[in-house]
J.: 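My questions all concern the structure below.
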There are 2 protein chains.
Amino acid sequence: MGATKYDQFSDHHNEMSALLKALAHPARVAIVEYLLKVESCICGDIVDHLPLAQPTVSQHLRELKNAGIIQGSVEGTSICYCLNEKALGKLKNYFGKLESKVKSKCC
Amino acid sequence: MGATKYDQFSDHHNEMSALLKALAHPARVAIVEYLLKVESCICGDIVDHLPLAQPTVSQHLRELKNAGIIQGSVEGTSICYCLNEKALGKLKNYFGKLESKVKSKCC
DNA sequence: TCCCTTTATTGCAATATTACGATAAACAGA
DNA sequence: TCTGTTTATCGTAATATTGCAATAAAGGGA
């Protein structure tokens, strides 16, 4: 009891929920929007920009990376994180399709 | 320690993450997709369609309702749940804008 | 009124998430 | 090599989420 029953759901439902779960925290939404608007993508800048301690930010970055929403590459002494277009495209397409199929038939 | 520090983030980041959190579970993704493709929207049908006990499904439905993703109305003996176009439109627009702004500049 | 059906709520155990201090790892420059 | 800078990991406490049995609530029909 207590754990999500992933084995009872389809791969598609598990994949979509995993992608959405990666963005289901204000810090991670803030990171994505920050990377979107800023030139730099240095990890330290992200840490400075968020109201959380460095280990906590590192943890959030790892979750975004694991979900494929961002990717990181070594840039000298620091790490450069940036957005993965493919993952964001997937989300855009998903909600685009979803919304186009909704017909307010009841309620 | 342990709780998300919502008061440290902007309303926008909190609102977006709350909307995404409502979909950050395979059962809730499955419910939304089920409502999208099916004629009926009776609560009992949703319960029958998911591999979870009735109280658990009821809990997931409440979370979707609280987030404004679905809405319910009394339909005789049962409750009819259906999708809220506005919430899905918000998500579609959000990722549409996000994806259009991404420029693969680094990494 | 008394059942029966349908959905919501309560209470609780199991598990996951969040946050952070301490510390490790990797590496550049003196 | 030693030192400082940057990022990741470990360990752990606080809190949240998930799932379900039991039960309540609401209403329809006999």
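Residue numbers begin at 1 in each chain, while the letters A, B, ... track the order of the sequences. What you are looking at is a predicted structure, and each value in this text was computed from that prediction instead of being measured.
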J.: For residues 3-18 of chain B, which residues have at least one heavy atom under 4.0 Å from DNA chain C?
T.: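 Only B:A3, B:T4, B:K5 qualify.
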
J.: Can you run down the ring pair (Phe, Tyr, Trp, His ring centres under 6.0 Å) pairs that involve residues 44-68 of chain A, sequence neighbours left out, and say none if there aren't any?
T.: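 Qualifying pairs, neighbours excluded: A:H25-A:H60, A:Y34-A:H49.
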
J.: Hey, what do you get for A:C41 versus A:C80: SG atoms under 2.5 Å apart or not?
T.: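 Looking at A:C80 and A:C41, their sulfur gamma atoms lie closer than 2.5 Å, so the answer is yes.
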
J.: For A:E63, enumerate each residue passing the salt bridge (Lys or Arg N to Asp or Glu O under 4.0 Å) test, keeping only those at least two apart in sequence or located in another chain.
T.: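 Here the qualifying residues are A:R28.
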
J.: Please list, in 5' to 3' order, the outermost nucleotides of DNA chain C lying under 4.0 Å from any heavy atom of chain B.
T.: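 It runs C:dT6 to C:dC20.
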
J.: Which residues pass the side chain to side chain contact (heavy atoms under 4.5 Å, CB included) test with A:V57, not counting sequence neighbours?
T.: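 Side chain to side chain contact (heavy atoms under 4.5 Å, CB included) check on A:V57 returns A:I46, A:V47, A:L50, A:L52, A:L61.
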
J.: Could you tell me which residues satisfy side chain to side chain contact (heavy atoms under 4.5 Å, CB included) with B:K65, sequence neighbours excluded, listed by chain and number?
T.: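 For B:K65, the residues satisfying side chain to side chain contact (heavy atoms under 4.5 Å, CB included) (neighbours in sequence not counted) are B:I70, B:Y81.
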
J.: Mind checking what makes side-chain hydrogen bond (donor to acceptor under 3.5 Å, both in side chains) contact with B:S10, not counting sequence neighbours?
T.: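 For B:S10 the side-chain hydrogen bond (donor to acceptor under 3.5 Å, both in side chains) partners, ignoring immediate neighbours, are B:H13.
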
J.: Could you run down the sub-3.5 Å N/O contacts of the protein with nucleotides 6-12 of chain D?
T.:
from	atom 1	to	atom 2	distance (Å)
D:dT7	OP1	A:G44	N	3.4
D:dT7	OP1	A:I79	N	3.2
D:dT7	OP2	A:G44	N	2.9
D:dA8	OP1	A:Y81	OH	2.4
D:dA8	OP2	A:S58	OG	3.1
D:dA8	N7	A:Q54	NE2	2.7
D:dA8	N6	A:Q54	OE1	2.9
D:dT9	OP2	A:R62	NH1	3.3

J.: Considering residues at least two apart in sequence or located in another chain, which fulfil the side-chain hydrogen bond (donor to acceptor under 3.5 Å, both in side chains) criterion with B:K21?
T.: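 B:K21 satisfies side-chain hydrogen bond (donor to acceptor under 3.5 Å, both in side chains) with B:Y6 once adjacent residues are dropped.
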
J.: Taking only residues at least two apart or on different chains, which pairs with a member in residues 5-17 of chain B satisfy salt bridge (charged side-chain N to carboxylate O under 4.0 Å, His left out)?
T.: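 Every pair satisfying salt bridge (charged side-chain N to carboxylate O under 4.0 Å, His left out) with a residue in residues 5-17 of chain B: there are none.
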
J.: With sequence neighbours excluded, tell me which residues meet side chain to side chain contact (heavy atoms under 4.5 Å, CB included) with A:A18.
T.: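 By the side chain to side chain contact (heavy atoms under 4.5 Å, CB included) rule, A:A18 matches no residue at all.
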
J.: Which residues pass the ring-ring contact (aromatic ring centres under 6.0 Å, His included) test with B:F9, sequence neighbours left out?
T.: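 ring-ring contact (aromatic ring centres under 6.0 Å, His included) list for B:F9, sorted by chain: empty.
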
